[in-house]
Colleague: 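Sharing a structure, written as structure tokens. Questions coming.
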2 protein chains.
Amino acid sequence: MDIRLLVGQNLRRLRQARGWSQEDLALTAGVDRTYVSGVERGVRNPTVMVLCQFGAALGVEAAVLILEEGRCIVDRKQ
Amino acid sequence: MDIRLLVGQNLRRLRQARGWSQEDLALTAGVDRTYVSGVERGVRNPTVMVLCQFGAALGVEAAVLILEEGRCIVDRKQ
DNA sequence: TTGTGACTGACAGTCCGTC
DNA sequence: TGACGGACTGTCAGTCACA
């Protein structure tokens, strides 16, 4: 599974869950509208800093964006 | 907290936990030794694909590398 | 063994569009 | 609203010599 496709799927799912357009996300994250489109389609290879911007815009940790579905982040026990 | 520093700390911690040199990791991940050095010091801003290569080399999910300490990934309940 | 500066080709990311 | 293209600038990937 190409990690770019995984990021794209996660980004789109989280964006749509908020009822946002690609442009809404782009403005909030401080990136270009066409760039959001490219990342969602898996044709772009974003840097960790951009991943962080997307995470901040969506109110989630950047790690969530490169996590496969069915897995999640929790506080480590102990 | 700059995400590049976070990635650097995680990368170094996981590498040293395996008793590897930067060159060991570089060879396994298929990148240059000096690039590993740069990422660990937080002066490089790697892409998600490079993050994935590091994760594969270290036998962890790429998401682990951009996760703050004290947090971990588990299978989602339900 | 690791840090660092300098370098080139490739690509991240923007801005203009059209469909 | 979103896919897609072209052209552009800045930055990243990847490498080297040297400390």
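Reminder, nothing fancy here: chain letters follow the sequence lines and each chain counts from 1.
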Colleague: Given atom CD of A:Gln22 and atom P of C:dG13, what is their separation to the nearest angstrom?
Modeller: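 From A:Gln22 CD to C:dG13 P: 16 Å.
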Colleague: Under 4.0 Å, heavy atoms only, any strand: does A:Gly30 hit a base, just the sugar-phosphate, or nothing?
Modeller: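 Sugar-phosphate contact only.
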Colleague: Using only modelled atom types and a 3.5 angstrom limit, is any donor from either the side chain of B:Thr47 or the base of C:dC11 paired with an acceptor on the other?
Modeller: no
Colleague: I want to check one thing: is the phosphate of D:dG14, taken as OP1 and OP2, less than 4.0 Å away from some side-chain N or O of B:Tyr35?
Modeller: no
Colleague: Does A:Arg41 make a side-chain N or O approach to OP1 or OP2 of D:dG5 shorter than 4.0 Å?
Modeller: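 No, no such contact exists.
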Colleague: Output the rounded distance in Å from CD (A:Glu40) to P (D:dG2).
Modeller: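 Whole-Å distance recorded here is 7 Å.
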Colleague: Side chain of B:Arg44, base of C:dG3: donor and acceptor closer than 3.5 Å?
Modeller: no
Colleague: Have a look at A:Val50 and say if it touches a base, only the backbone sugar-phosphate, or nothing, with a 4.0 Å heavy-atom cut-off.
Modeller: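 Result for A:Val50 = sugar-phosphate.
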Colleague: On the side chain of B:Arg33, is there an atom forming a donor-acceptor pair with the base of C:dG3 - under 3.5 Å, no angle test?
Modeller: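 Yes, a donor-acceptor pair under 3.5 Å.
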Colleague: In the structure I gave you, are the side-chain heavy atoms of A:Glu68 and A:Leu6 within less than 4.5 Å of one another anywhere?
Modeller: yes
Colleague: Just to be sure I understand the rule, does B:Asn45 reach a base, reach only the sugar-phosphate, or reach nothing, if contact means heavy atoms closer than 4.0 Å?
Modeller: sugar-phosphate
Colleague: What is the distance, rounded to the nearest whole Å, between atom CG of A:Leu51 and atom P of C:dA12?
Modeller: 13 Å
Colleague: Could you check whether A:Ser37 and A:Arg33, counting side-chain N and O atoms only, form a donor-acceptor pair closer than 3.5 Å?
Modeller: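 Side chains of A:Arg33 and A:Ser37: no pair found under 3.5 Å.
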Colleague: Once you apply a heavy-atom cut-off of 4.0 Å, does B:Arg4 come out as touching a base, just sugar-phosphate, or nothing?
Modeller: nothing
Colleague: If you measure from CD on B:Glu23 to OG1 on B:Thr28, what distance do you get to the nearest 0.5 Å?
Modeller: 10.5 Å
Colleague: Please state how far atom CD in A:Glu23 lies from atom P in C:dC16, giving the value in whole angstrom units.
Modeller: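 A:Glu23 atom CD is separated from C:dC16 atom P by 13 Å.
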Colleague: Report yes if the side chains of B:Val43 and B:Arg4 come closer than 4.5 Å at any heavy-atom pair, otherwise no.
Modeller: no
Colleague: Please name the nucleotide paired to C:dC15 by Watson-Crick or G-U wobble geometry with both distances under 3.5 Å, or report none.
Modeller: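 Base-paired to D:dG6.
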Colleague: Are any of B:Arg15's side-chain N or O atoms less than 4.0 Å away from OP1 or OP2 of C:dT2?
Modeller: yes
Colleague: Whole Å only: how far is the CG atom of B:Leu27 from the P atom of D:dG14?
Modeller: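 Distance check: B:Leu27 CG to D:dG14 P gives 14 Å.
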Colleague: Can we say B:Glu40 and B:Arg12 salt-bridge, meaning some charged N sits less than 4.0 Å from an Asp/Glu carboxylate O?
Modeller: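 So B:Glu40 pairs with B:Arg12 through a salt bridge.
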Colleague: C:dG17 P sits how many Å from A:Asp32 CG, rounded?
Modeller: 13 Å
Colleague: Please determine whether a side-chain nitrogen or oxygen atom of A:Gln53 lies at a distance below 4.0 Å from atom OP1 or OP2 of C:dG13.
Modeller: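 Result: no.
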Colleague: How is B:Ser37 classified with respect to the nucleic acid when contacts are heavy atoms under 4.0 Å: base, sugar-phosphate, or nothing?
Modeller: base
